[in-house]
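Order of appearance sets the numbers: ligands from 1, and atoms from 1 within every ligand.
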Amino acid sequence: MSALEPKKEHVSRKAGLFTESVIREMTREAIKYGAINLAQGFPDFAAPEEIKRAAIEAIAGDVNQYAITWGAQPFRQAIADKVRWSLGLEIDPETEITVTCGSTEGMIAAMLATVDPDEEVIIFEPFYENYAPDAIISGARPRYVPLHPPRWEFDPEELRRAFNRRTKAIILCNPNNPTGKVFTREELESIAAFCQEYDALCLTDEIYEHIVYEPCAHISMAQIAGMRERTVIVNSLSKTYSVTGWRVGYCIAPPKITSAIRKVHDFLTVGAAAPLQAAGTAAMHLPREYYAALRRDYARRRELLLGALEEAGFGVWRPDGAYYIMTDISHFGFSNDIEFARALVRDVGVACVPGSSFYSQPARGAQQVRFCFCKKEETLLAAAERLHRLTKRAR
Ligand code: PLP
C-alpha cells in the first residue's frame, strides 16, 4: 500500500452506527458505586433446583461436546411438548425449532435469515434496545411506530402508515419490555391484518410470556388466525427460569424459515451450551404450578417496587407483564434521563436505565427511566429505603 493512499477505516460503518448497550453500561456503573442494580433485568435469586441439578448431572455425565447445531433432540421435543400445553400449538421439533444462544441470538439470526438489506422492519417504540442494532446489523431499515402512554397503545392509522411494499417484518415484544404492555387479542388481530395485507412476517419476542399479571393473559401472535405461517417466536430460558447467564434460547418458525434460521445460527455460533440444553429439557418438564408461583411472586415484587417509586415521587406506568416499571421523572427537575440516572446511581445508590435508550430519538425518553423488579424482596426493600432519600426537586 502506498503512503499516498488514504488509510482504511478499521471499524465498519455498521459498527459505527450504534453504541454499546446502555443497559449493560448501567450494570457496570452499579458495580462501580456499590449500587443496587435495578437496571439490567436479571434475577438475584436462585434458579429452580431441578434444573440446576440437571445441568450438573449433564456435565458429570460428559455431555460436553457440540450438540446438534439446531439443538439437542430431547430439548427440542420438550419445547414442542411445552408449547402444546402452554400455547395450544403443534410444533414439529424436527423442522420448526432452532435452539440458539439466548433470544438475543434468536432475534438477530431470525432477522438475518429473513430480511434483506434495504427491506424495512417495523418496531414499536419504546423498544428493547437490541432491536435497533439488530436492524442495522441485518441491513434492514427500521421504521418506528409509537406506543402512547398511559396504556402504551398504538394508533392503527400510524401503524398503517408504517407498512408499505418494502415492509418485510414487524418486531413485536409481547409482553413488552420496557413498558410492561401486554398486547390484547384485538391489537394482535389488527397487527396481523396488516401483516397479511402486506405479506409481512412477525418476529415476536415472547421471553416474558409467563410473567403476566391478572387479569391479563399472554396471547402469542402465532395463535392468531393466519399468523402461524408468518410468525417467528423468539424465546429463551433466561427469564422464565431465572438463568440469564446460561444463554439458551430458541426460535419457533415454519420449516422454510427455520431452515434459513438454522443456517445463519450454525455459522454465527454453531450451538448453545450442550449441558445447559439438557437442563433446558428439565426446565420444560417443570409442572404447571411452577409458572403459577412465578407469576404470584412477580406480582408481589411489582407491588413492592410500584409503592416505593410512587412514594419517592416518580410517576409510574403500572405494568401488566414483564418485570419492569417505566417511570416519569419530570417532577425531579433534571434536564434529562442520563443526568438523572447518573445522579441516582452515584448519590442514592440505585441503578436504573435512562429512558432515552428505548427510543430512536433520545428526546422522547428524556424524562423517563426504567427500573426492574426481578430481585429478592430484601433487595427491593433496600432499594425502597434508598429511594426514600431522594428529595423531590421542584419542577
Ligand atoms: N428480549 C427481551 C425483551 C429482553 O428483555 C431480554 C433481556 O432483558 C432479552 C431479549 C435477552 O434475552 P436472552 O437472555 O435470552 O438473550
#### Entry: E105 heavy atom under 4.0 Å from ligand 1
no
### Query
Non-hydrogen atoms of Q40 versus ligand 1: any pair closer than 4.0 Å?
no
### Task
May I ask you to list the atoms of ligand 1 that are less than 4.0 angstrom from any heavy atom of S103?
9 (C), 10 (C), 11 (C), 12 (O), 13 (P), 15 (O), 16 (O)
### Query
Nearest heavy atom to atom 16 (O) of ligand 1: which of T100, T104, T244 does it belong to?
T104
### Task
Would you mind listing which atoms of ligand 1 come within a distance below 4.0 Å of any non-hydrogen atom of N177?
3 (C), 4 (C), 5 (O)
### Query
Near C173, which atoms of ligand 1 are under 4.0 Å from a heavy atom of that residue?
3 (C)
#### Entry: Under 4.0 Å to a heavy atom of Y324 - the qualifying atoms of ligand 1, by number
5 (O), 8 (O)
### atom 9 (C) of ligand 1: the protein heavy-atom neighbour that sits closest, reported with distance to 0.1 Å
Y128 OH, 3.4 Å
### Message
Determine whether the aromatic ring centres of residues Y291 and W85 are separated by less than 6.0 angstrom.
### Response
yes
### Query
Any donor-acceptor pair under 3.5 Å linking the side chain of Q367 with the backbone of F334?
yes
#### Entry: Proximity to ligand 1 by part of Y323, non-hydrogen separation under 4.0 Å
neither
### Task
Report yes if the distance between the aromatic ring centroids of Y324 and Y208 is under 6.0 Å, otherwise no.
yes
### Query
So do L304 and L381 actually touch side chain to side chain, heavy atoms under 4.5 Å?
yes
### Salt bridge R24-E129, side-chain N to carboxylate O under 4.0 Å
yes
### Query
Do Y144 and Y359 have ring centres separated by under 6.0 Å?
no
### Query
Which residue and non-hydrogen atom of the protein lie closest to atom 8 (O) of ligand 1, and at what distance in Å?
K239 NZ, 2.7 Å
### Query
Just which atoms of ligand 1 are under 4.0 Å from any heavy atom in G102?
15 (O), 16 (O)
### Task
Evaluate the criterion side chain to side chain contact (heavy atoms under 4.5 Å, CB included) for residue pair T281 and I79; output intermediate values, then yes/no.
CA-CA 8 Å; T281 307; I79 293 168; over 6 Å; no
### Message
Around atom CD of E197, are there more than 12 heavy atoms from other residues, nucleotides or ligands closer than 6.0 Å?
### Response
yes
### Task
Determine whether the side chains of N174 and N176 contain a donor N or O and an acceptor N or O closer than 3.5 Å.
no
### Query
What atoms of ligand 1 come within less than 4.0 Å of a heavy atom belonging to S238?
13 (P), 14 (O), 15 (O)
### Identity and separation of the nearest protein heavy atom to atom 2 (C) of ligand 1
D205 OD2, 3.4 Å
## Note on the structure
Closest to atom 4 (C) of ligand 1 (heavy atoms only, candidates W246, Y250, F127, Y208) is Y208
